[in-house]
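To start, the structure itself, in structure tokens.
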Amino acid sequence: MEMNNTSKIVILGAGYGGLMTALRLEKQLHYHEAEVTLINKHEYHYITTHLHVPAAGTGHHDQVRVDVETLINTNRTNFIRGTVSDINKEEKVVHLEDGTEVPYDYLVIGLGSEAETFGIPGMLEHAFLIRSINSVRKLRQHIEYMFSRYNNEPDHPEYLTFVIGGAGFTGIEFVGELADRIPKLCKQYDVDPHLVKIYDIEAAPTIMPGFDQELVDYAKDVLEKKGVTFITNTPIKQCFADGVVLANGQEIKAGTIVSTLGVRGNHLIEAAGFEVMRGRVKVDEYLRIPGHEEVFVVGDNALIINEESGRPYPPTAQIAVQQGETVALNLAKLVRNDATLEAFKYHFKGTVASLGKGEGIGFMGKRKFFGSTAALMKKLIDARYLYMIGGLSLVMRKRP
Ligand code: FAD
């Protein structure tokens, strides 16, 4: 009987890290050098870095998703639309919810993160999230529903109050977008704009913790002028269906509560028996799990310490993409029995946060960007990513 010795590479998640691994493997490997399978919950890849736009309703969710099969070469990569339910690291097999079993020789985990609520009671049950196409569709429709409801129940002004938990990257980008949408919603639903309140609550002493002070001041000024009220240095103590209670005892009634408090690693990794810290795996220099060198981790689930700061690199799309590139390179070497693997080295290129239409802040090296320049930079970064995964035609189709 003829044995099939072709290595089976299985990639979990078609997000920034997983998709880039698959795309780069298509370039690195020759036909039949390995059998590559990409598994993802949905038939589409979504541009997470833009989810705040459909979440607030200033853009449509179709603008931030792309069918995976239009990005990969299906002759080279098998695509399975399925939800991973379990990873059996001893038997080297992945189980899907529909009962399918997918064996592997090499596994790449790129399942992305889950919302972190820091144990705040009620947060997981009552707060909306900005994490997926499904979660932002629900949020956008709820916002519109609150406006339409207010006109029928005007003794409930809290329907027009928004509480956003967290003033980090996601929280800031969302309030910028939401503030832009409010005037249009008020017009559409015949609501007095003065009745609408947006509170962004942050436990740290400042918004956008870790950002340069000049950029933080600029962001605060822009967003406050758009009608956002920041409450800093004040954690949320409890969340209810109709509002929040803060650590200082203040109660805020609200029709919409959104949690952007942070992220933790995917629960499936811990459930598989791998050692994790807040759900993330401390990977080796090649992004492998120590003791399980056939398993690579990319993106939000990979924990890497920045030697300069002594702290973990924050989970970003930028690092996920670079990790995908390195993992693909090393997998190609491994299937060729080349042991000269390349260590992962992160090249931080800077960062830009949107503050709504035509506004933003960012930095690259020592250079800081404000306002329309930062907004343009954000568009260029988005266009570059789209170009990397789908070429010019995708850039033209999505027009970031
Ligand atoms: P993801 O991109 O999250 O992909 C994970 C994939 O796995 C998804 O396709 C998901 O559907 C799939 N999946 C999950 N569970 C299963 C399962 N059980 N079975 C099958 N498939 C599954 N980063 C930046 O660098 N710049 C930014 O400007 C920026 N802005 C952001 C704005 C927002 C609103 C948010 C939420 C994040 C932002 N980030 C930004 C962070 C960035 O999006 C993440 O760090 C990045 O998406 C991580 O990539 P990943 O490959 O680990 O996972």
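Only a predicted model underlies this, so the values are computations on that prediction, with no experimental measurement involved. Just follow the structure's listing: the first ligand is 1, and inside any ligand the first atom is 1.
- Panel note: side chain Asn306, backbone Gly310; no donor-acceptor pair is recorded below 3.5 Å.
- The protein atom (non-hydrogen) at minimum distance from atom 29 (C) of ligand 1 is Thr49 CG2, 3.3 Å.
- Counting the atoms of ligand 1 from 1 in the order shown, those under 4.0 Å from a heavy atom of Gly299 are 52 (O).
- Remark: aromatic rings of Tyr346 and Tyr313 are close, center separation under 6.0 Å.
- Looking at ligand 1, you won't find any N or O of His52 less than 3.5 Å from one of its N or O atoms.
- Checked against the 6.0 Å centroid threshold, Phe211 and Phe363 count as a close aromatic pair.
- Annotation: Ala317 places an N or O atom under 3.5 Å from an N or O atom of ligand 1; distance criterion only.
- Between Arg131 and ligand 1, no N or O atom pair is found at a separation short of 3.5 Å.
- Residue-ligand proximity, Gly82 to ligand 1, at heavy-atom distances under 4.0 Å covers atoms 19 (N), 20 (C).
- Ligand 1 lies out of reach of Ser113, whose nearest heavy atom is not under 4.0 Å from it.
- With a 4.0 Å heavy-atom cut-off, ligand 1 is reached by the side chain of Phe169 but not by its N, CA, C or O.
- Looking only at heavy atoms of the protein, atom 47 (O) of ligand 1 is closest to Tyr16 CD1, 3.2 Å.
- For the pair Glu173 and Lys378, the salt-bridge criterion is met [side-chain N within less than 4.0 Å of a carboxylate O].
- Ring geometry, Tyr189 versus Phe147: the interplanar angle falls from 30° to 60°, so the pair is classed tilted.
- Looking only at heavy atoms of the protein, atom 34 (C) of ligand 1 is closest to Thr170 CG2, 3.4 Å.
- Residues Arg181 and Glu144 are paired through a salt bridge, judged by an N-O separation under 4.0 Å between the basic side chain and the carboxylate.
- Atom 33 (C) of ligand 1 has its nearest heavy-atom neighbour, among Ile172, Asp86, Thr48, in Thr48.
- Near Gly110, with a cut-off below 4.0 Å to any heavy atom, the atoms of ligand 1 are 5 (C), 6 (C), 7 (O).
- Under 4.0 angstrom from ligand 1, the non-hydrogen atoms of Leu268 all belong to its side chain.
- Salt bridge absent: Arg280 and Asp300 never bring a charged side-chain N and a carboxylate O closer than 4.0 Å.
- Evaluation of the salt bridge (Lys or Arg N to Asp or Glu O under 4.0 Å) rule for Glu325 yields Arg24 as partners, not counting sequence neighbours.
- Nearest protein heavy-atom neighbour of atom 9 (O) of ligand 1: Asn40 OD1, 2.9 Å.
- Annotation for ligand 1: atoms under 4.0 Å from non-hydrogen atoms of Pro315 are 45 (O).
- A cation-pi arrangement, defined by a distance under 6.0 Å to the six-membered ring centre and an angle within 45 degrees of its axis, is absent between Arg65 and Tyr46.
- Residue Ala320 approaches ligand 1 through these ligand atoms, each under 4.0 Å from one of its heavy atoms: 49 (O).
- Residue, atom and distance of the protein heavy atom nearest to atom 3 (O) of ligand 1 are Gly112 CA, 3.8 Å.
- Residue Asp300 places at least one N or O, backbone or side chain, under 3.5 Å from an N or O of ligand 1.
- In terms of N/O distances under 3.5 Å, ligand 1 is not approached by Ile39.
- For Lys253 and Glu158, the salt-bridge test fails: no basic side-chain N is under 4.0 Å from an acidic carboxylate O.
- Heavy-atom neighbours of Glu275 CD from other residues, nucleotides or ligands within 6.0 Å: at or below the threshold of 12.
- When heavy-atom distances to ligand 1 are checked against a 4.0 Å cut-off, His42 comes that close only through its side chain, counted from C-beta outward.
- Counting heavy atoms only, Leu111 comes closest to atom 13 (N) of ligand 1 of the residues Val84, Leu111, Leu129.
- Every atom of ligand 1 is numbered from 1 in the order shown, and the set under 4.0 Å from a heavy atom of Ile130 is 34 (C), 36 (C).
- Geometric assessment of Lys89 against the ring of Phe274 yields a positive cation-pi assignment under the 6.0 Å and 45° thresholds.
- Of all protein heavy atoms, the one lying nearest to atom 4 (O) of ligand 1 is Gly15 CA, 3.0 Å.
- Take Glu153 and apply the salt bridge (Lys or Arg N to Asp or Glu O under 4.0 Å) test, not counting sequence neighbours, and it matches Arg149.
- Ligand 1 is approached by Lys378 to a heavy-atom distance shorter than 4.0 Å.
- At a 4.0 Å heavy-atom cut-off, ligand 1 touches Glu173 through the side chain alone.
- Checking side-chain atoms of Asp180 against main-chain N and O of Lys357 turns up a donor-acceptor pair under 3.5 Å.
- For the residue pair Ile9 and Ala34, the shortest heavy atom distance occurs at CD1-CB, 3.9 Å.
- Ligand-side atoms of ligand 1 in range of Gly17: 51 (O), range being under 4.0 angstrom from any heavy atom.
- In terms of polar-atom proximity, defined here as any N/O pair under 3.5 Å, Lys41 does make such a contact with ligand 1.
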